[in-house]
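Heads up, the thing below is written out as structure tokens.
For the single chain, residues carry numbers from 1 onward in sequence order. Both ligands and their constituent atoms are indexed starting at 1 by order of listing.
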Amino acid sequence: MSEQLTIALSKGRILKDTLSLMRDAGISVPEDIDESRKLILQSPDMKMKFILAKPVDVPTYVEYGAADIGIVGKDVLLEAGRDLYELLDLGIGKCRMCVCGLPEEKESAVTRVASKYPRIATNHFRNKGRQVEVIFLNGSVELAPLIGLAERIVDLVETGRTLKENGLVIHEEIIQISTRVVANRMSFRLKSALIDDMITRLRQVVKGDVL
Ligand SMILES: Nc1ncnc2c1ncn2[C@@H]1O[C@H](COP(=O)(O)OP(=O)(O)OP(=O)(O)O)[C@@H](O)[C@H]1O
Ligand SMILES: O=P(O)(O)OC[C@H]1O[C@H](OP(=O)(O)OP(=O)(O)O)[C@H](O)[C@@H]1O
């Protein structure tokens, strides 16, 4: 069998848009990939193997070379801090990483910050010269300021609906987030022709060129 690329896809919110971009780019994607319970799927043309991973695990698969390529949010990449090549911004999964809290809570009163992204939160407050305790939460982070666990949260904001419905506001925007294509450093050298071809196709679709 000729050389294959192994691609780690993020399950969940960004999967549908990722697959649609890939199909538009002429990449052969298995028909039932988003409905099946299979975790490893071959592309119909056998050029690629897709693995379906939890988003937070995608950088790990790629850094260790278990996958050559990963498709994952910039939020996950910043938090993971893995040694990967970031090759392309797919322009999907767009949202913002923000510091949020109750509208009346002053910054001087901030001692605790809750987040699913402790590394990003810690770096942000350290860069501001603020010493805060960062508390890790796995989800529903907006609860923290509402029930007195922390004065601020660091979390993703997309439409702003979750904040609004819970009476919270954005105090600061840290960074814009979108979905990225990353590569394993060794694969990038050893499988450069396959990776170049895939990135060129995807880049054209992202730019809006009709293939
Ligand atoms: N409103 C949003 N909330 C969260 N992530 C978003 C949003 N909009 C876009 N994204 C992007 O989608 C990616 C995947 O989100 P998803 O909710 O599927 O994963 P997750 O946070 O690991 O979920 P879970 O832990 O519930 O499985 C995020 O890493 C982020 O880059
Ligand atoms: O601005 P919005 O459009 O309301 O989107 C933002 C919300 O979406 C994400 O949560 P998710 O739905 O992934 O659930 P979680 O809290 O369990 O992580 C994120 O953590 C925010 O809570």
Legend entry - Verify atom 16 (O) of ligand 2: protein non-hydrogen atom under 4.0 angstrom away: yes

Legend entry - Numbered atoms of ligand 2 (with element) below 4.0 Å of Thr159, judged on heavy atoms: 1 (O), 2 (P), 3 (O), 4 (O)

Inset, instruction - Could you tell me the residue and atom name of the protein heavy atom closest to atom 5 (O) of ligand 2, and the distance to it rounded to 0.1 Å? - result: Glu158 N, 3.7 Å

Legend entry - Distance-only donor-acceptor check, side chains Ser187 and Arg185, under 3.5 Å: no

Legend entry - Test of proximity, Lys74 against ligand 1: N or O pairs below 3.5 Å: no

Legend entry - Nitrogen or oxygen atoms of Asn138 and ligand 2 under 3.5 Å apart: no

Legend entry - Residue and atom name of the nearest protein heavy atom (relative to atom 6 (C) of ligand 2), distance in Å to one decimal: Leu156 O, 3.4 Å

Legend entry - Gln42, Lys47, Lys191 screened by side-chain hydrogen bond (donor to acceptor under 3.5 Å, both in side chains) with Gln4, the one that passes: Gln42

Legend entry - atom 20 (O) of ligand 2: the protein heavy-atom neighbour that sits closest, reported with distance to 0.1 Å: Asp155 OD2, 2.8 Å

Legend entry - Ligand-side contact atoms (ligand 1) for residue partner Pro55, heavy atom cut-off under 4.0 Å: 19 (O), 22 (O)

Inset, instruction - Within a distance under 4.0 Å of any heavy atom of Val76, pick out the atoms of ligand 1 and give their elements. - result: 29 (O)

Inset, instruction - Below 4.0 angstrom from a heavy atom of Thr162, which ligand 2 atoms are there? Numbered from 1 as shown, please. - result: 2 (P), 4 (O), 5 (O), 6 (C), 7 (C), 22 (O)

Legend entry - Any donor-acceptor pair under 3.5 Å from Asp68 side chain to Thr6 backbone: yes

Inset, instruction - Check whether any N or O atom of Gly139, backbone or side chain, sits under 3.5 Å from an N or O atom of ligand 2, and answer yes or no. - result: no

Legend entry - Residue pair His124 / Glu172, side-chain donor-acceptor N/O under 3.5 Å: yes

Legend entry - Sub-4.0 Å atoms of ligand 2 with respect to non-hydrogen atoms of Lys116: 18 (O)

Legend entry - Contact (N/O only, under 3.5 Å) between Lys94 and ligand 1: no

Inset, instruction - Please could you name the atoms of ligand 2 that Ser140 approaches to less than 4.0 Å, counting only its heavy atoms? - result: 15 (P), 16 (O), 17 (O)

Legend entry - Option with minimal heavy-atom separation from atom 27 (O) of ligand 1, where the choices are Lys11, Glu158, Lys54: Lys54

Legend entry - Per-atom contacts of ligand 1 with Cys95, taking only distances under 4.0 Å to non-hydrogen atoms: 6 (C), 7 (C), 8 (N), 9 (C), 10 (N)

Legend entry - Closest protein heavy atom (residue, atom, distance) for atom 17 (O) of ligand 1: Arg13 NE, 3.3 Å

Legend entry - Test item: Ser10 side-chain N/O and Pro55 main-chain N/O as donor-acceptor pair under 3.5 Å: no

Inset, instruction - May I ask you to list the atoms of ligand 2 that are less than 4.0 angstrom from any heavy atom of Val157? - result: 1 (O)

Inset, instruction - Please report which non-hydrogen protein atom sits nearest to atom 21 (C) of ligand 2, along with the residue it belongs to and the distance in Å to one decimal place. - result: Glu142 OE2, 3.3 Å

Inset, instruction - Return yes if some donor-acceptor pair links the side-chain N/O of Asp89 with the main-chain N/O of Gly91 below 3.5 Å, else return no. - result: yes

Inset, instruction - Identify which of Asn138, Asp75, Thr179 has a heavy atom lying nearest to atom 30 (C) of ligand 1. - result: Asp75

Inset, instruction - Under the salt bridge (charged side-chain N to carboxylate O under 4.0 Å, His left out) rule, what do Arg13 and Glu158 come out as? Steps first, then yes or no, please. - result: CA-CA 12 Å; Arg13 200 184 281 267; Glu158 188 189 8; 3.8 Å; yes

Legend entry - ligand 1 to Tyr117 polar contact by distance, N or O atoms, under 3.5 Å: no

Inset, instruction - Answer with yes or no whether the side chains of Tyr117 and Asp75 bring together a donor and an acceptor at under 3.5 Å. - result: yes

Inset, instruction - Pick whichever of Lys164, Arg13, Glu165 has a heavy atom sitting closest to atom 11 (P) of ligand 2. - result: Arg13

Inset, instruction - Without swapping roles, check the side chain of Arg201 against the backbone of Asp196 for a donor-acceptor pair under 3.5 Å. - result: no

